[in-house]
**Student:** 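My questions will all concern the structure given below.
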Amino acid sequence: MRIPDFKLERYFAQWEFKAPYLLCSSDIEGWRMSELLALADEDGRERWERLTLGYTETQGLPVLREEIARLYQGVSPEQVLTFAGAEEAVFVLVNVLLGPGDHAVVTWPGYQSLHEVARATGAEVSPLRLREEDGWRVDLEAVKRELRPNTKLLVVNFPHNPTGALPDAATWKALLALTEERGVYVLADDVYRMLEYDAGDRQPSAVELSGRGLSLGAMSKSFALAGLRVGWLVGRDTALLERCAAYKDYTSICNSAPSEVLSLVALRAKERVLARSRDILTRNLSVLDDFFARRADTFRWVRPRAGSVAFPKLLRDMPVGEFCQRLVEKEGVLLLPGDVYDFPGNHFRLGLGRTNMPEALARLERFCDTLWR
């Protein structure tokens, strides 16, 4: 397999552990180990204390799969397959499903692996472009235009990274019905699910609506536990999941034993874990509303509806890549230029999930004042 460099990850490799202010992180600020273990029930604490560091089951710890299944309506543990993060799940599923002669449609802008892994299999990939002027909403008619007789997979990511977009109920159900009718699998990357700002906006997952729906989840985003590297696929097509499990024998084989137990602890305390994430987002969104109102001459944004990222636009006559480079060098504040998505328009990704965001924004404002007094 030949695959291009992952631009976003290479960018983070350069700056993520050098810049003191990560104003573009896609995850929520991580839990401390002691605070997470304090949430453990008696069974979770016992599992942690008697844990042995051997191999684990390829499909995942059975009780962990039970907890993951509870996140979805009408899903059994046999319909859950765990991975070493959502990234591995994408890699495995796409390689199992696609090959030369196949076609996939993928939302764009988006996480690079969602389309580049498909291309690396020899499949043809069509981007499904989301547009700022449409509020970053998915266009059902555009989806219909992109689907072909050889389309095997539609990849969508809602709540969306990097825009924070979320389809309405009618559009989402129509999208799943359309792909079911055409015999197309849907990989729904919903790692930000349960971070809707209005709980009434939360849609049923793809696996709940379609036999060809595959829901991708992880501990990394909504649950603020990226360091555990635990992800999963949920689908009704158990034969497909079995093929993925067999392919996984060539990647991670199995998950980290400590990560599985810690994930179990977090999922059993999910209401408290998610409440913490939502509280951070609520406080930061209030600060951002004020910031963008005051800086309307420099930035424009479509306020996100869910998740921990947004995709504002720099309105000044300066390439966004240069702006981000000068900002991190001068103020230690890292933003992610839209260049890493190969997306036009001077956009940049902004992260909402860190508790030091107000201080980072103050530094961003000071930087802007030095450029445009």
Side-chain angles (χ1 to χ4, degrees), residues 71-75 79 86 89-90 93-94 97-98 102-111 114-115 118 123-217 221-222 233-237 240-241 302-307 309-311 343:
L71 299 174
Y72 307 88
Q73 292 290 327
V75 167
Q79 295 169 321
V90 171
L93 175 71
V94 170
L97 268 184
L98 299 180
D102 293 326
H103 175 245
V105 180
V106 184
T107 47
W108 180 64
Y111 199 56
L114 295 178
H115 53 84
E124 186 179 355
V125 177
S126 297
L128 179 65
R129 180 170 178 168
L130 307 182
R131 301 179 184 278
E132 182 188 28
E133 57 267 31
D134 296 331
W136 304 117
R137 291 187 296 270
V138 65
D139 182 348
L140 194 59
E141 292 302 315
V143 177
K144 292 178 182 178
R145 289 193 296 270
E146 294 295 344
L147 295 180
R148 307 174 185 174
N150 66 330
T151 303
K152 206 166 186 179
L153 179 66
L154 170 66
V155 182
V156 293
N157 165 219
F158 297 113
H160 186 248
N161 175 5
T163 71
L166 192 66
D168 59 54
T171 300
W172 181 235
K173 290 178 181 178
L175 180 67
L176 271 295
L178 172 65
T179 51
E180 180 92 31
E181 175 189 330
R182 302 283 185 94
V184 175
Y185 282 100
V186 176
L187 173 60
D189 175 357
D190 51 13
V191 295
Y192 297 94
R193 192 165 182 264
M194 294 174 286
L195 291 184
E196 298 83 2
Y197 307 151
D198 182 342
D201 289 337
R202 186 173 308 148
Q203 305 302 328
S205 65
V207 69
E208 292 170 342
L209 293 176
S210 171
R212 288 186 171 267
L214 295 150
S215 295
L216 174 70
K221 310 298 185 184
S222 301
L233 275 177
V234 182
R236 300 186 199 177
D237 188 339
L240 176 60
L241 292 183
V302 176
R303 195 181 195 270
R305 295 181 62 200
V309 289
F311 206 44
F343 193 81

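Remember, predicted model here, so these are calculated numbers, not experimental data. Residue numbers count from 1 along this sequence.
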**Student:** Scan residues 173-190 for pairs that pass side chain to side chain donor-acceptor pair (under 3.5 Å), counting only residues two or more places apart or in two chains.
**Tutor:** E180-S210, Y185-D237
**Student:** List the atom of L214, the atom of G235, and the distance in Å for their closest heavy-atom pair.
**Tutor:** CD2-CA, 4.0 Å
**Student:** May I ask you to decide if Q73's main-chain N or O and E208's side chain share a donor-acceptor pair within less than 3.5 Å?
**Tutor:** yes
**Student:** Going by the angle between their ring planes, with limits at 30° and 60°, are F343 and W136 parallel, tilted or perpendicular?
**Tutor:** tilted
**Student:** Quick one about S126 and H103 (side-chain donor to acceptor, distance below 3.5 Å, no hydrogens or angles considered), yes or no?
**Tutor:** yes
**Student:** Going by side chain to side chain contact (heavy atoms under 4.5 Å, CB included), name the residues that satisfy it together with Q79, two or more places apart in sequence or in a different chain.
**Tutor:** V75, S76, R236, T238
**Student:** For the residue pair P167 and V138, what are the closest heavy atoms and their distance?
**Tutor:** CB-CG1, 4.0 Å
**Student:** Check whether more than 12 heavy atoms from other residues, nucleotides or ligands sit under 6.0 Å from atom CZ of R137, and answer yes or no.
**Tutor:** no
**Student:** Check whether any side-chain heavy atom of L153 lies under 4.5 Å from a side-chain heavy atom of V155, and answer yes or no.
**Tutor:** yes
**Student:** Using atom types as modelled and distance alone, determine if a side-chain donor or acceptor of W172 lies under 3.5 Å from a backbone N or O of P204.
**Tutor:** yes
**Student:** Test your reading of the model: is there a side-chain donor-acceptor pair from S215 to the backbone of V207, 3.5 Å cut-off?
**Tutor:** yes
**Student:** If I take atom CG from residue L178 and atom CG from residue L154, how far apart are they, to the nearest 0.5 angstrom?
**Tutor:** 8.5 Å
**Student:** About how many Å separate CG of L130 and CG of D139, when rounded to the nearest 0.5 Å?
**Tutor:** 9.5 Å
